[in-house]
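Quick note: numbers below take in every heavy atom, side chains included, and nothing from hydrogens, waters or symmetry partners. All of these numbers come straight from a predicted model, not from anything done at the bench. Chain letters run A, B, ... following the sequence lines, proteins first and then strands; every chain starts at 1.
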There are 2 protein chains.
Amino acid sequence: MTQEQQYSIGELSRLFDITARSIRFYEEQELLVPERQGQSRIYHLKDKVRLKLILRGKRLGFSLAEIKTLFDLYDTNLNSAPQLKTMLAITEQKRAVLNQQLNDIQMLMIELDDVEARCKDELTELQRGNNL
Amino acid sequence: MTQEQQYSIGELSRLFDITARSIRFYEEQELLVPERQGQSRIYHLKDKVRLKLILRGKRLGFSLAEIKTLFDLYDTNLNSAPQLKTMLAITEQKRAVLNQQLNDIQMLMIELDDVEARCKDELTELQRGNNL
DNA sequence: ACTCAGCTTTACGTAAACGTAAAGTTTAAG
DNA sequence: CTTAAACTTTACGTTTACGTAAAGCTGAGT
C-alpha cells in the first residue's frame, strides 16, 4: 500500500521556503483548500502541486487573483463549448504574455552580457595598470 | 544637423501606453531625471530608453527599487575593482533569476499546450455528439 | 481677452500581498 | 502534570505602485 504523503503547514512552508502566513493567505484567497483534521490543516500531494503552481505563477508576475481564475477554470467541468472556448482564449492570452516575457528576458540577457564584458575588460585594464 | 528628438510627458505616455502619473512617479523615485524648460518636463532619447527599460523590468517582476539599483550601478563610474566585482555579482544574480523564469515559462507553456489539446479534443467530441 | 488643452504640484486614497502581534489550542516529551 | 513546539484565529499595520481629485499655470488658437 502506497500511503499518500501528508504535510503540515510548517513542513510545506519549509519545503517552499515561504511563511505559514502566506500559505494561510492563499487559502483565504481560495487558492488552496486543505483537508482539516480537527483544527489542523492537512496538505496532500495535490495541495503541494497547487502551491508549486502558485509560486511559479507569482515568479512570472501573475496576481493571486489571476492564478485563482486559472485554477477555477481548470477545476471546472469544462463541458460546454462556451467554457472551452473561454479557456482557449485565456490560454492564448497567457501565451502571449509569456512570449513577451521571453522576449524581455532575451533582451535583458544580451544587455547583461554586454555589461559583464565591459566590466571584465575594465578589470583586466586595472590589472595591467597595477603591474606596470 | 540631426535635431535630437524631444518628448512631452503626454507624448511619452501615449507612446508607451501608460499614464503621465506613472512617469512622474518614476521620476519621484529617481528613475528618470528629465530636463526642465520652465515648469515643463522635456524628455530626450535617453529618457525614452530608460523608460523602456523600466517597463521591461516591470514586466519581469522587478520592483522599481531594484531597477533603480541597476540604473545607479550602471550610471556610476565603475572605476574601482570592488565596484566592478559588485556589478558582476549582481548581473550573475539577475541572470540566475532570469534563468529561473525561463524555466518557469517553459513549464507553463507545456501545461498550456496540454490544456489546449484537451480543450480542443473536448470541442471535437461535442461536435461529434451534435452531429449524431 | 478668452478659452481650452496640456501641463504642473500637493495630497489623500487604494488594492495586493503579506507581516506581525495577541491570545488561545493541541500534541508530544519529560 | 506541565512545558514547549507547532498550530490556530482575529485583526490591525505596512509596502509598493500607482489612482484620483483639487487647484493653479501656460501657450496656442479664435
Side-chain angles (χ1 to χ4, degrees), chain A residues 5-44 47-48 50-72 94 97 100-101 104, chain B residues 5-44 47-48 50-72 94 97 100-101 104:
Chain A
Q5 268 280 23
Q6 288 189 177
Y7 308 87
S8 74
I9 196 169
E11 289 169 338
L12 225 53
S13 74
R14 260 163 277 142
L15 260 173
F16 290 103
D17 194 32
I18 57 179
T19 65
R21 175 68 176 93
S22 296
I23 298 180
R24 290 198 198 94
F25 183 74
Y26 299 151
E27 179 177 346
E28 203 174 313
Q29 303 302 307
E30 300 174 28
L31 289 169
L32 293 172
V33 189
E35 186 195 329
R36 291 284 182 142
Q37 274 181 20
Q39 193 173 221
S40 292
R41 294 168 172 86
I42 306 284
Y43 299 89
H44 299 276
D47 300 308
K48 188 181 161 191
R50 278 220 165 199
L51 188 46
K52 194 175 194 170
L53 286 173
I54 293 172
L55 297 179
R56 178 185 296 158
K58 287 207 58 184
R59 283 196 301 268
L60 293 177
F62 295 111
S63 74
L64 295 184
E66 286 177 312
I67 296 172
K68 175 168 163 47
T69 311
L70 286 178
F71 281 174
D72 287 352
K94 291 297 167 196
V97 172
Q100 169 71 297
Q101 290 197 356
D104 288 336
Chain B
Q5 268 281 22
Q6 287 188 176
Y7 308 88
S8 74
I9 195 168
E11 289 169 337
L12 224 51
S13 73
R14 259 163 279 143
L15 260 173
F16 290 102
D17 195 30
I18 58 179
T19 65
R21 175 69 177 92
S22 297
I23 298 179
R24 291 197 198 94
F25 184 74
Y26 299 152
E27 179 177 347
E28 203 175 311
Q29 303 302 306
E30 300 174 28
L31 290 170
L32 293 173
V33 188
E35 187 196 327
R36 292 284 183 140
Q37 272 180 22
Q39 192 175 223
S40 292
R41 296 167 172 85
I42 305 284
Y43 299 88
H44 299 275
D47 300 309
K48 187 181 163 192
R50 279 222 164 197
L51 188 46
K52 194 175 194 171
L53 286 174
I54 293 172
L55 297 178
R56 178 185 296 158
K58 288 206 57 186
R59 283 196 301 268
L60 293 177
F62 294 111
S63 72
L64 296 184
E66 286 177 311
I67 296 171
K68 173 169 164 46
T69 311
L70 286 178
F71 280 174
D72 287 350
K94 290 299 168 195
V97 172
Q100 168 71 297
Q101 290 198 359
D104 289 335

Select from F25(A) and Q39(A) the residue whose nearest nucleotide in DNA chain C is closer to the 5' end of that strand. F25(A)
Counting C-beta onward and ignoring hydrogens, is there a side-chain heavy-atom pair between F71(A) and R50(A) closer than 4.5 Å? yes
Side-chain contact check for S22(A): nearest option of dT8(C), dT26(C), dG19(C) is dG19(C)
K48(B) versus Y43(B): any side-chain heavy-atom pair under 4.5 Å? no
Once you round it to whole Å, what is the distance between C1' of dT25(C) and CD1 of I9(A)? 15 Å
Output the single nucleotide from dC7(C), dC18(C), dG19(C) whose closest atom is nearest the side chain of T19(A). dG19(C)
Interatomic distance, OG1@T69(A) vs CG@L64(A), rounded to 0.5 Å, equals 10.5 Å
Base, sugar-phosphate, or nothing: which does R41(B) touch, judged by heavy atoms less than 4.0 Å apart? sugar-phosphate
Presence of Y26(A) side-chain N/O under 4.0 Å of dA17(C) phosphate oxygens OP1/OP2: no
Before giving the answer on salt bridge (Lys or Arg N to Asp or Glu O under 4.0 Å), spell out for K68(B) and E28(B) the whole-Å C-alpha distance, their side-chain angles and the decisive distance to 0.1 Å. CA-CA 11 Å; K68(B) 173 169 164 46; E28(B) 203 175 311; over 6 Å; no
For K58(A) and dA16(C), give me the distance from atom NZ to atom P, rounded to whole Å. 13 Å
Under 4.0 Å from any heavy atom of chain A: name the first and the last nucleotide of DNA chain D that qualifies, 5' to 3'. dC7(D) to dA11(D)
Say you draw a straight line from CG of L51(B) to CG of L32(B); how long is it, rounded to the nearest 0.5 Å? 6.0 Å
CZ of R24(B) versus P of dT9(C): gap in Å, rounded? 7 Å
Just how far, in rounded Å, is C1' of dT26(C) from CZ of R36(A)? 14 Å
Rounded at 0.5 Å granularity, tell me how far CG in D104(A) sits from CZ in R59(B). 4.0 Å
Send over the distance from R21(A) CZ to dA22(C) C1', rounded to a whole Å. 14 Å
Hey, does the side chain of D47(A) reach the backbone of H44(A) with a donor-acceptor pair shorter than 3.5 angstrom? yes
Rounded to whole Å, CG of L12(B) lies from P of dT8(C) at a distance of 11 Å
Distance in Å, S40(A) OG paired with E35(A) CD, rounded so as to fall on 0.5 Å steps: 11.0 Å
R41(B) versus R24(B): any side-chain heavy-atom pair under 4.5 Å? yes
Positions of residues 59-70 of chain B (non-hydrogen atom under 4.0 Å from DNA chain C), listed by number: none
